[in-house]
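The basis for the numbers below is simple: all heavy atoms, side chains too, and nothing from hydrogens, waters or symmetry mates. Since we're looking at a predicted model, the values are computed, not measured.
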Amino acid sequence: MLKDMPWLTAPRARLYVSGIAIVLVLTLARSLLLFYRDGGYGANNFLLGSDFLTFWAASLQVLAGHPAEVYVPESHLLAEAPYLREGYEAFFYPPTMLLLCVPLALAPYFASLFVFIGMTAASFAAVIWRILRTPWCLVAILAYAPVYLNAVAGQNAFLTASILGCGLNIMDRRPKLAGAILGLMVIKPHLALAVPIALIVTGRWRTLIWAGLSSISLVVLSALLFGLDTWLNFLDVSHSARQALENGDVEFSLLQSAYATARLLGAGVNTAFIIHGLVALGMTCVLVWMLRQKISAATERSIIVLTCLLITPFCLFYDMLIMALPLAWMLREWLKVGFPAWSKMVLGVTFLAPMVFYLPVLYQLSVVKPLPFGSPVIILFCWLLVRESMQTRQAAHGEREVATV
């Protein structure tokens, strides 16, 4: 029943997705009305788009002529003070991210938030449209829970997904432009660690060179605009990101990495890092092996993105929006060639897991802490791609033997 799921036809899938989209849009509307009623704040003084506040405050400091103070927590906290009622939204991004943040504080916080989310969401929708090329993809986007997780958190996953999706989509047709686009991931480099490995393994040297030039250009530009002191302060404060990871300052239930899963299961810091390191190493080996096989472009792009998400220990719930890319690539592929065994089940689990484990908590419909779904879902998706690659290889080998006979 789950292996092939013949009952899940295209019309039924569209019906289910449409129903989910309607429910999620209405739920978001209700949530926004509650935020509006309370001046932009929810339960426990949660600020709408609270993560965006760290970008907006950084912009405020840059526009005031103090970019280096973005990495001084006390100064950054003062910039956040007009909107932050409690806690502190740290800025752990490299100064290249400040290039994006500069104009944000030209508008008041909430206006800037809606413009930022709207523009980056539009770029994300355009990338998914380019992959699937059907109006139904817009309905699927509205039914995909990480869209709402990212929007309500005020994060930048729409942007990072757009960069990865656009760059990987065109790397065969326009390798130089693809490299220049992929180089933009220097704003959040820990989510693109598998990209240079993949480019080296596949011998895409022009894409790799242009990605390097793009990244270096942004680093140099940020140093010229904001000063070397900004970079030095960033390097000084970078150790705080690891401390936050080790101390649980970012709740382990919000992280999606193997490290966080191990910590939630009771492992110590060192043990969890060893487990994560082994998972990351194993995934990297799978990536290299897969890229050396004869696989489709959709499978190739998907395995690169899945590796990017699995090998970083600092992958948060909103970053799982990037999983929309392998979902879209493989859905388009299988709509053409037919769905292999277990593929519908894996696509369904990947699509629904964020909604089941996170959305009720976000909308205050559950008192139970969310459970990390990232690592298991990524590994499940990888298993399916590896399984199909091996079966295709065995089938091709069998055909060659028959032809020889």
[X] side chain vs [Y] backbone, donor-acceptor pair below 3.5 Å:
X: Glu80; Y: Glu89; answer: yes
X: Ser215; Y: Gly212; answer: no
X: Ser222; Y: Val219; answer: yes
X: Asn150; Y: Pro146; answer: no
X: Ser375; Y: Gln256; answer: yes
X: Thr54; Y: Ala90; answer: yes
X: Ser18; Y: Arg14; answer: yes

Quick one: are [X] and [Y] in side-chain contact, heavy atoms under 4.5 Å?
X: Leu34; Y: Arg30; value: yes
X: Phe116; Y: Leu100; value: yes
X: Met290; Y: Leu385; value: yes
X: Leu384; Y: Ser343; value: yes
X: Pro354; Y: Phe373; value: yes
X: Asp319; Y: Phe314; value: no
X: Cys101; Y: Val62; value: no
X: Thr299; Y: Glu388; value: no

Mind checking whether [X] and [Y] have ring centres under 6.0 Å apart?
X: Tyr109; Y: Phe52; answer: yes
X: Trp56; Y: Tyr83; answer: yes
X: Phe55; Y: Tyr93; answer: yes

Evaluate whether atom [atom1] of [X] has more than 12 neighbouring non-hydrogen atoms of other residues, nucleotides or ligands under 6.0 angstrom away.
X: Arg174; atom1: CZ; result: no
X: Leu228; atom1: CG; result: no
X: Trp231; atom1: CH2; result: yes
X: Asn270; atom1: CG; result: no

Would you name the heavy atoms of [X] and [Y] that are closest together and state the gap between them?
X: Leu306; Y: Ile378; result: O-CG2, 3.6 Å
X: Ser257; Y: Pro313; result: OG-O, 2.8 Å
X: Leu99; Y: Leu225; result: CD2-CD1, 3.6 Å
X: Ala68; Y: Asn233; result: O-ND2, 2.9 Å
X: Ala178; Y: Ile170; result: CB-CG1, 3.7 Å
X: Ala161; Y: Leu321; result: CB-CD2, 4.5 Å

Find the distance between [atom1] ([X]) and [atom2] ([Y]) and round it off to the nearest 0.5 Å.
X: Leu327; Y: Leu347; atom1: CG; atom2: CG; value: 6.0 Å
X: Leu53; Y: Ser112; atom1: CG; atom2: OG; value: 10.5 Å
X: Leu325; Y: Asn169; atom1: CG; atom2: CG; value: 8.0 Å
X: Ile200; Y: Leu208; atom1: CD1; atom2: CG; value: 5.5 Å
X: Leu24; Y: Leu142; atom1: CG; atom2: CG; value: 8.5 Å
X: Thr134; Y: Leu331; atom1: OG1; atom2: CG; value: 9.5 Å

For Phe339 and Trp334, take the angle between the two ring planes, folded into 0 to 90°, and tell me which bin it lands in: parallel under 30, tilted 30 to 60, perpendicular over 60.
tilted
Using 30° and 60° as the class limits, which term best fits the ring planes of Phe46 and Phe35: parallel, tilted or perpendicular?
tilted
Please report the C-alpha distance between Ile141 and Trp129 in whole Å, then the side-chain angles of each, then the deciding distance to 0.1 Å, and finally whether the side chain to side chain contact (heavy atoms under 4.5 Å, CB included) criterion is met.
CA-CA 10 Å; Ile141 287 172; Trp129 175 279; over 6 Å; no
Could you check whether Arg263 and Tyr259, counting side-chain N and O atoms only, form a donor-acceptor pair closer than 3.5 Å?
yes
Does a donor on one side chain and an acceptor on the other come within less than 3.5 Å for Gln293 and Ser389?
no
Ile311 meets the side chain to side chain contact (heavy atoms under 4.5 Å, CB included) criterion, sequence neighbours left out, with Leu193, Ala194, Ala280, Met283, Thr284, Thr307
With Gln61, which of Glu69, His66, His76 fulfils side chain to side chain donor-acceptor pair (under 3.5 Å)?
His76
Member of Tyr71, Phe226, Phe91 meeting the ring-ring contact (aromatic ring centres under 6.0 Å, His included) criterion with Phe234:
Tyr71
Applying salt bridge (Lys or Arg N to Asp or Glu O under 4.0 Å) as the test, list every pair that has at least one member in residues 196-209; sequence neighbours left out.
Asp172-Arg204, Arg204-Glu300
Which is it for Phe381 and Met330 under the side chain to side chain contact (heavy atoms under 4.5 Å, CB included) test, yes or no, and what are the steps along the way?
CA-CA 10 Å; Phe381 210 119; Met330 298 317 302; 3.8 Å; yes
Can you list the steps and then say if Ile304 with Leu164 is a side chain to side chain contact (heavy atoms under 4.5 Å, CB included)?
CA-CA 10 Å; Ile304 293 172; Leu164 286 171; over 6 Å; no
Could you walk me through whether Leu309 and Met323 satisfy the side chain to side chain contact (heavy atoms under 4.5 Å, CB included) test, starting with their C-alpha distance in whole Å, then the side-chain angles of each, then the deciding distance to 0.1 Å, before giving a yes or no?
CA-CA 8 Å; Leu309 291 173; Met323 281 295 292; 3.7 Å; yes
